[in-house]
Amino acid sequence: MNSFKYSNSNKRYYTLDYYYKKKYDTKVAKISLNLGLTCPNKDGTKGFGGCIYCSKLGSGEYGGNPIEPVKKQFETIKKIMTKKWPNCKFIAYFQANTNTYGPLDYLIKNWEEVIKYKDVVGINISTRPDSITKECFNYLEELNKKTDLVIELGLQTTKEETSKLINRCSTLKEFESCVKELNKRNIKVLVHIINGLPYETKEDMLNTVKYINKFNIWGIKIHMLHILKDTKLENIYKNENFHVLTREEYVDIVCDQLELLKEDIVINRITGDPKIDDLIEPFWLTKKFCVLNEIDKEMNKRDSYQGKNFKNDS
Ligand code: SF4
């Protein structure tokens, strides 16, 4: 039964799977690659030490091995994936750290290398809104003509106090100007937000989604905050013991966010996938399918769907 016009399952939101199946008529899988880059929020250019929740691997836990060339990383992961989905197509996902923060010729060489594979339909590049140079924007405009390009931007929250607390070291102004530049070049924008950041209220999290609605955004990734070992967040949590959302609270907030979001924004992620060995809290996240099921059940119970409460002036 189709519950929502942009879904091929019981989901009441615009699933990425639906988007890819419509576009490519086959399964599309992501291959996470690691260029061994750093981040301007770690090396002192914008900040030191990074965002408080960032892991040693720059949030690239599931990526390839950065000491290997990208081609090798790609082929190793592809071999595993084609065992599961023999005819699938791939998105090369540059995930760890800030993937536009490095010498442009090095970045171009690696991006161009992966799009040569005939089963690669696109590239996702994860970065910060303050880290794309004019030359890079111009190159991305050309790259976008050759492949299905998505630029992923970490916003996380619109609340100023939280942005300081998490040491994001980038501003809403930078986010807005980056989105404008990408829109100008017809490049798809995917925004990351995090629910459950320390001391945020439900209203704060809904405000972040209302803010996103104001822009021309292709997709969103909704994360639940992971408290990981060996991060600054771990120390803050141990010292301050701030409230961590329960699964029920998270599900309720996500459903409200889905109702507020524009119906044509593609939901690329709706829960987290932390590695259990690194996780301090919350452990309910390790049962990903339960979280997804609870979201479906709640949307069903509400007889609701993505965009139900979207307002143009939100
Ligand atoms: S911007 Fe991303 S890579 Fe850089 S510190 Fe923050 S989470 Fe880590």
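Note that ligands are numbered from 1 as they come in the structure, with each ligand's atoms numbered from 1 the same way.
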Which ring pair (Phe, Tyr, Trp, His ring centres under 6.0 Å) pairs, counting each pair once, include a residue from residues 252-287, with sequence neighbours left out? Y250-W284

Ligand 1 to G50, heavy atom cutoff 4.0 Å, flagged ligand atoms 5 (S)

Ion pair check, K23 and D148, cut-off under 4.0 Å: yes

Looking at E259 and R302, is any side-chain nitrogen of the basic one under 4.0 Å from a carboxylate oxygen of the acidic one? yes

Atom 4 (Fe) of ligand 1 to nearest N/O/S of C39 below 2.8 Å: yes

Which label fits F215 and F175: parallel for a plane angle under 30°, tilted from 30 to 60°, or perpendicular past 60°? perpendicular

Residue selection (non-hydrogen contact nearest atom 8 (Fe) of ligand 1) among S126, G47, G49, C54: C54

Which bit of R128 gets closer than 4.0 Å to ligand 1, counting heavy atoms only: side chain, backbone, both or neither? side chain

